[in-house]
Undergrad: 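What follows is a single structure, and I will ask about it in a moment.
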Amino acid sequence: MEELPEYAERVLEVVELIPPGRVMTYGDIAEWLGEGGPRQVGRVLALYGGGVPWWRVVRSDGTLLPGHEVRAVGRYRTEGTPLREAPRGATGHVPRIDMRRARWDGMSTP
DNA sequence: GTGCTGACACAGG
DNA sequence: ACCTGTGCCAGCA
């Protein structure tokens, strides 16, 4: 059985609450919990994020996790997450999240 | 105790 | 749009 710190459990719980097609930033989660900071949230996901939709947690500017961009973009296309598509034909360029539309404040429940 | 590191955020150039 | 520096908080050598 896992002995997760309570803070980690809270973070994971919030991440699981994020509806498909939406995203939250590390800072938003920290603020939503009212405790810790973005870096702590990031650390929790790095350690225990394997069981939650980690791709729905992005940086405030909408950039994806280094090394996991391809996997994440696959999910976004499947879930219909608003992306800022690169201008036609820009090969090698990874799309970023359209934060203005995709950001979820946690208010409207799915 | 001291210092570096990290799945971050923000401001400036 | 990209890179750099500074601030923040916790973990680790």
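Quick note on labels: first sequence line is chain A, next is B, and so on, each numbered from 1.
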Undergrad: Would you check if A/Val23 and A/Thr81 make a side-chain contact, meaning some heavy-atom pair closer than 4.5 Å?
TA: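 When only atoms from C-beta onward are counted, A/Thr81 and A/Val23 do touch, with a gap below 4.5 Å.
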Undergrad: Return each pair, listed once, that meets salt bridge (Lys or Arg N to Asp or Glu O under 4.0 Å) where at least one residue sits in residues 42-59 of chain A; pairs must be two or more places apart or across chains.
TA: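 Every pair satisfying salt bridge (Lys or Arg N to Asp or Glu O under 4.0 Å) with a residue in residues 42-59 of chain A: A/Arg56-A/Glu79.
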Undergrad: With side chains defined as the heavy atoms from C-beta onward, is the minimum distance between A/Leu64 and A/Val58 less than 4.5 Å?
TA: yes
Undergrad: Pairs in or reaching into residues 17-29 of chain A: which pass side-chain hydrogen bond (donor to acceptor under 3.5 Å, both in side chains), with residues at least two apart or in two chains?
TA: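 Counting only pairs at least two positions apart or across chains, the side-chain hydrogen bond (donor to acceptor under 3.5 Å, both in side chains) contacts touching residues 17-29 of chain A are A/Thr25-A/Asp28, A/Asp28-A/Arg103.
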Undergrad: Go through the steps to decide whether A/Tyr76 and A/Ile97 satisfy the test side-chain contact (heavy atoms from CB on, under 4.5 Å), and finish with yes or no.
TA: CA-CA 9 Å; A/Tyr76 299 144; A/Ile97 306 275; 3.5 Å; yes
Undergrad: When you list every nucleotide of DNA chain B with an atom under 4.0 Å from a heavy atom of chain A, which one comes first 5' to 3', and which comes last?
TA: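 The footprint of chain A covers B/dG6 to B/dC10.
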Undergrad: Residues from residues 13-22 of chain A sitting under 4.0 Å of DNA chain B, heavy atoms only?
TA: none
Undergrad: Tell me, do A/Asp105 and A/Trp32 make a side-chain contact under 4.5 Å, heavy atoms counted?
TA: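 A side-chain contact under 4.5 Å is absent here.
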Undergrad: Among residues 54-66 of chain A, which residues get a heavy atom nearer than 4.0 Å to DNA chain B?
TA: A/Trp54, A/Arg59, A/Ser60, A/Leu65
Undergrad: Below 4.5 Å, heavy atoms only, C-beta onward: do A/Gln40 and A/Tyr7 meet side chain to side chain?
TA: yes
Undergrad: Answer yes or no: is there a side-chain heavy-atom contact under 4.5 Å between A/Val14 and A/Val41?
TA: no
Undergrad: Test salt bridge (charged side-chain N to carboxylate O under 4.0 Å, His left out) on A/Arg75 and A/Glu69 and set out the steps.
TA: CA-CA 10 Å; A/Arg75 305 284 187 174; A/Glu69 303 129 318; over 6 Å; no
Undergrad: Can you tabulate the close N/O pairs, meaning under 3.5 Å, that link protein atoms to atoms of nucleotides 6-9 of chain C?
TA:
| from | atom 1 | to | atom 2 | distance (Å) |
| --- | --- | --- | --- | --- |
| C/dC9 | O4' | A/Gln40 | NE2 | 3.2 |
| C/dC9 | O2 | A/Gln40 | OE1 | 3.1 |
| C/dC9 | O2 | A/Gln40 | NE2 | 3.3 |

Undergrad: Are A/Arg84 and A/Met99 close enough, and set up right, to give a side-chain contact (heavy atoms from CB on, under 4.5 Å), and what steps lead you there?
TA: CA-CA 9 Å; A/Arg84 292 202 87 197; A/Met99 292 307 287; over 6 Å; no
Undergrad: Carefully, step by step, assess A/Trp104 and A/Leu17 under the rule side-chain contact (heavy atoms from CB on, under 4.5 Å).
TA: CA-CA 10 Å; A/Trp104 185 58; A/Leu17 285 176; 4.2 Å; yes
Undergrad: Restricting to non-hydrogen atoms, name the atom on A/Val57 and the atom on A/Leu65 that form the minimum distance, rounded to 0.1 Å.
TA: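 Where A/Val57 meets A/Leu65 most closely, the heavy atoms are O-CD1, 4.1 Å.
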